[in-house]
Novice: 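One structure coming up, written as structure tokens, with questions to follow.
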Amino acid sequence: MENHNLNEKQKKAVEFEGQHLLVLAGAGTGKTRCIVGRAAYLIEQGVPPDKIQILTFTKRSANEIVERVKASLSSNQAQSLNGSTFHSWCNQLLVRYPNLFGASGYTVIDPDDQLSVMKMVCGDQIIEYKGIRIKPQQLIDIYSYGRNTRQNLSHAIRELVYKGRVDDETTDEIDIIRPKIEVLLKAYQTKKGEGRYIDYDDLLLIVANRLRNDAQAREILSEQIKHLLIDEFQDTNPLQWFLLEPFLQIAKFYCVGDDAQSIYSFRGADFKNVHLFKSRVPDSEVMILDKNYRSTQEILDLSNWLIDQSPLDYNKQLVAARGQGQLPKLINVGSQWEEANFIAEHILENFTEKNKQFTDHLILSKSSYYTKPLQAVFIQKKIPYVTYGGRKFMEAAHIKDVIAALRVVNNHLDEIGWMRFLTFWDGIGEVKAGKYIAKLVSYDNPLQCAQNLADVIGGVEGETISDIYNTIYLNSGNVKVALQEAYSRMEKSLAFKYRKDWEEKRKSDFPVLEMLGDNYASIGQLISEGILENAKQLNGEPVLEGSQLSTSEIKDHVIISTVHSAKGLEAEVCYVLNVSPKVYPSAWNLGSEEKIEEDRRVLYVALTRAKNELLITRDTNSISTVHKTNAAGFSSNYFLEELPKHLTEQLVNPYTLGKPRDISKPNDLDLSFGMDFS
DNA sequence: TTATTCACATTTTTT
DNA sequence: ATGTGAATAA
């Protein structure tokens with residue numbers, strides 16, 4: 001049982017008897033263990049599991065925590081324990097209490113759909129002022145940032161459009177463009193209402209507002225929720241706090257977090273909320289865990305050094321309970337290819353000669369984009385891997401095409417869905433579709449749509465579209481069948497539309513989609529919960545997370561993850577990719593100390609994932625660039641610029657010979673030999 | 001009005 | 001390398 005492995009401080013935290021607690025726990029000090037232990041402890045103390053709600057930021061960590069709680073208890077004690085993300089939790093509440101929140105027949109829209117709505121609203125209007133052009137995407141960003149930080153529009157504009165500049169000129173400009181933006185944002189809100197769309201932020205806001213304004217609502221929920229266990233508390237933003245605050249009267253809060261691992265400020269998170277905890281939460285206590293059980297001291301020395309370089313004070317010096325190990329290694333590479341090759345060879349060597357499994361390896365990258373050459377090399381060398389982070393299964397264009405067909409049956413007012421579904425067909429563009437949609441949304445219900453669809457559109461397309469709509473309508477009770485029927489009727493067109501990579505990539509997603517659909521009781525559930533659900537990729541193949549449905553049987557695999565998706569992960573051997581100047585920190589973050597410091601925390605999170613071996617790769621090209629820049633008198637800010645020699649071991653890439661042969665093309669022929677120009 | 005093509009830019013990070 | 005946006009052809 002997990003509880004028995006707890007140290008004294010952890011045990012004290014797990015068995016906390018007061019009202020509200022914040023556990024400030026550094027990386028690897030047992031944050032997850034603490035939350036798992038707490039849940040198990042409460043259940044053992046007789047708290048019904050369904051009165052405990054665990055909140056996390058990713059579906060994966062929610063699942064993992066729940067699984068670990070279950071594993072630590074005997075029999076099915078924790079069967080009804082709930083673990084979810086903030087968003088899916090709110091969605092569950094909306095589904096469970098439709099009358100309480102006044103939400104039914106809605107469609108949850110993802111950021112892509114948000115953009116579509118905003119584009120509709122904007123039409124061909126463009127906000128332009130003094131060379132600053134604000135596009136629909138930026139309007140969405142402003143809107144979301146404002147709501148997540150619970151700051152006013154001017155502030156959001158200042159942060160996002162003017163990079164947080166505070167001067168009179170900027171203020172004047174904001175005063176001029178603000179009303180224009182305001183008009184569009186309000187139009188967006190109206191449109192959302194008409195389509196019964198709920199965006200991610202709405203999920204939280206609907207629940208929060210109701211609870212704040214309605215004592216009866218609080219009373220109902222207070223029966224349901226006695227304990228809130230909140231993971232990664234340093235990443236909660238003002239909107240999430242706005243949601244949580246009313247629960248202070250209802251439930252006991254048990255929060256764990258680490259200010260040095262706050263990496264979500266782009267979503268409005270402010271790690272200072274952990275410092276404010278005691279003053280904001282009456283009757284609360286704070287406990288600190290600082291003994292690291294994950295890594296060897298050398299890895300922590302490097303991490304400690306990094307965070308110590310920061311002008312901010314995190315009060316953090318992690319001490320390894322496990323003692324000494326090997327020095328982290330620093331490898332200079334000449335290109336992404338070389339980097340990928342080095343890692344692949346190193347992993348293969350570990351696998352074949354050192355008796356390690358693929359699972360023992362974790363590769364961390366700041367952006368999922370940067371991970372592509374690596375995936376190419378892994379496929380080539382047949383190294384099994386999964387990726388965390390990056391494009392979600394449900395966000396892929398071909399999946400959204402089929403989902404759109406189901407969306408319009410579920411909610412015939414869904415103009416975004418109609419637009420996607422109708423323009424999918426040859427010969428129907430935005431204009432025609434717009435005209436059809438105007439008619440379709442004037443009907444009272446989907447049945448009327450089903451009956452009139454063929455006439456509204458007319459022709460062969462009308463027949464096809466109507467046929468699909470009606471089939472889905474008739475099968476709306478069985479999501480899997482509805483998906484199958486829709487897909488079989490759309491397959492030909494899909495194959496044509498995506499002919500470039502249909503066979504290789506996209507076709508195989510549909511069996512997975514059908515399996516996914518099988519998990520949901522209704523179309524509505526699929527499009528709200530399914531959209532919030534993560535799926536991961538296994539060697540390019542989509543796999544449903546946390547389910548037995550995976551199409552592949554390979555269990556032993558390397559994990560490639562973005563740092564953001566890697567919170568809570570750990571591995572024997574960790575590779576941190578591309579720790580180069582202009583990346584750590586990002587070139588586009590120079591100028592904002594806050595953003596630079598956030599990048600520092602990102603690197604800190606990455607470094608502290610490693611248990612025994614830490615390998616850091618960096619690009620020699622950008623290193624030389626920086627030295628040039630320095631010569632020109634600019635400071636580089638590169639985090640490893642002044643890295644003390646004794647903290648790492650510099651390693652020469654031993655595998656450089658493994659580079660692909662076909663690098664030189666015919667016109668690269670070097671004819672400069674045989675002549676001495678001295 | 002729609003479909004295709006070409007040039008261009010453009011890269012966090014997540015729900 | 002990929003996707004978006006604008007220009008052009010059908």
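A note on names: the letters A, B, ... follow the listed sequences, proteins ahead of strands, and every chain is numbered from 1. This structure is a prediction, so every number in the text was calculated from the model and none was measured.
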Novice: Could you state the atom-to-atom distance from CG of A/Asn148 to P of B/dT14 in whole Å?
Specialist: 15 Å
Novice: Think A/Arg212 forms a cation-pi with A/Phe242, using NZ or CZ under 6.0 Å from the six-ring centre and within 45 degrees of its axis?
Specialist: yes
Novice: To the nearest Å, give me how far apart OH (A/Tyr370) and P (C/dA1) are.
Specialist: 15 Å
Novice: Taking 5.5 Å and 30° as the limits, would you call A/Phe266 and the base of B/dT13 a stacked pair?
Specialist: yes
Novice: Side-chain N or O of A/Ser368 versus OP1/OP2 of B/dT12: is the shortest distance under 4.0 Å?
Specialist: no
Novice: Nearest 0.5 Å please: distance from the OG atom of A/Ser144 over to the CD atom of A/Gln114.
Specialist: 6.5 Å
Novice: Ion pair present between A/Arg601 and A/Asp259, side-chain N to carboxylate O less than 4.0 angstrom?
Specialist: no
Novice: Just how far, in rounded Å, is C1' of B/dT13 from CZ of A/Arg600?
Specialist: 18 Å
Novice: Should A/Thr562 be listed as having a side-chain N or O under 4.0 Å from OP1 or OP2 of B/dT14?
Specialist: yes
Novice: Pick the C1' atom in B/dT12 and in C/dG5, then give their distance to the nearest Å.
Specialist: 23 Å
Novice: A/Gln137 has an atom CD; how far is it from atom P of B/dT11, in whole Å?
Specialist: 11 Å
Novice: Under 4.0 angstrom, heavy atoms only, what part of the nucleic acid is A/Thr85 near: base, sugar-phosphate, or nothing?
Specialist: sugar-phosphate
Novice: In whole Å, what is the span from the NE2 atom of A/His87 to the C1' atom of B/dT14?
Specialist: 8 Å
Novice: To the side chain of A/Tyr200, which of B/dT12, B/dT15, B/dT14 is closest?
Specialist: B/dT15
Novice: Give a yes/no verdict on a cation-pi contact between A/Lys366 and A/Tyr584, requiring under 6.0 Å between NZ or CZ and the six-membered ring centre and an angle within 45° of the axis.
Specialist: yes
Novice: Taking the minimum atom-to-atom distance to the side chain of A/Lys366, which one of B/dT14, B/dT12, C/dG5 wins?
Specialist: B/dT12
Novice: Expressed as a whole number of angstroms, how long is the span from A/Glu232:CD to B/dT14:P?
Specialist: 14 Å
Novice: Is there a side-chain contact between A/Phe342 and A/Thr617 in this structure, where contact means two heavy atoms from C-beta onward sitting under 4.5 Å apart?
Specialist: yes
Novice: Just the atom pairs and distances: protein N or O near nucleotides 1-4 of chain B's N or O, under 3.5 Å.
Specialist:
from  : atom 1 : to       : atom 2 : distance (Å)
B/dT2 : OP1    : A/Gly429 : N      : 2.9
B/dT2 : OP1    : A/Lys432 : N      : 3.1
B/dT2 : OP2    : A/Val431 : N      : 3.1
B/dA3 : OP1    : A/Gly427 : N      : 2.5

Novice: Reckon A/Phe57 touches a base, only the sugar-phosphate, or nothing at all at heavy-atom distances under 4.0 Å?
Specialist: sugar-phosphate
Novice: Just how far, in rounded Å, is P of B/dT12 from CG of A/Leu364?
Specialist: 19 Å
Novice: Between C1' on C/dT4 and CG on A/Asp112, what's the gap in Å once rounded to a whole number?
Specialist: 13 Å
Novice: Find the distance between CD1 (A/Ile416) and CZ (A/Arg420) and round it off to the nearest 0.5 Å.
Specialist: 10.5 Å
Novice: Would you confirm whether A/Arg600, through its side chain, and A/Leu306, through its main-chain N or O, come within 3.5 Å as a donor-acceptor pair?
Specialist: yes
